[in-house]
Amino acid sequence: RVLLDEPGYAGFILAAHRHVHDIEPFRVELFDRWYALWVQTIDGGWSGPVADRAKRHAERIGASLARHLLDADWRPPALPQPTAVERTIR
């Protein structure tokens, strides 16, 4: 719903992630890996404004969770851009 700008999303992601963090603490490297996998997945199957919004939304989620759980200023890592050959293969 968030990505399609539809009303009704009432997620409480901080509480769920805090619970996991209490069991096994998150690290900045995990945020980097999560974001890289998210972007690779989006880029592997979609393009356009909704795909771009999905990646920006992931950036905001990652930054918010890192700030609240790690007291860290997380920013998405620079990811390599697909080459022309990789874009053609898709």
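- Looking only at side-chain heavy atoms (C-beta outward), R67 and D73 stay at 4.5 Å or farther from each other.
- Hydrophobic clustering, with ILVMFWY side chains joined whenever heavy atoms are under 4.5 angstrom apart, groups W34 together with L14.
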*How far apart are the C-alpha atoms of L65 and F26, what are their side-chain angles, what is the distance that settles it, and do they pass the side chain to side chain contact (heavy atoms under 4.5 Å, CB included) test?*
CA-CA 10 Å; L65 289 174; F26 289 113; over 6 Å; no

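- Cluster membership for L30 and V20, using ILVMFWY side-chain heavy atoms within less than 4.5 angstrom, is shared.
- A donor-acceptor contact shorter than 3.5 Å links the side chain of H17 to the backbone of I13.
- Contact detail for P76 and Y35: the closest heavy-atom pair is CB-CE2, 3.4 Å.
- Expressed to the nearest 0.5 Å, how far CG of D32 lies from CG of L37 amounts to 11.0 Å.
- Residues H21 and L70 share a closest heavy-atom pair of CE1-CD2, 3.6 Å.
- One distance of note links CG of L69 with CH2 of W74; it measures 13.0 Å at 0.5 Å rounding.
- With a 4.5 Å cut-off on side-chain heavy atoms, R60 and S64 do not count as touching.
- Between L79 and Q40, every side-chain heavy-atom pair lies at or beyond the 4.5 Å cut-off.
- Scanning all heavy atoms of the two residues, the minimum distance from A54 to W38 falls at O-NE1, 3.2 Å.
- Proximity of D43 to K55: side-chain heavy atoms (C-beta onward) are separated by under 4.5 Å at one or more points.
- The number of heavy-atom neighbours closer than 6.0 Å to CG of D22, taken from other residues, nucleotides and ligands shown, is above 12.
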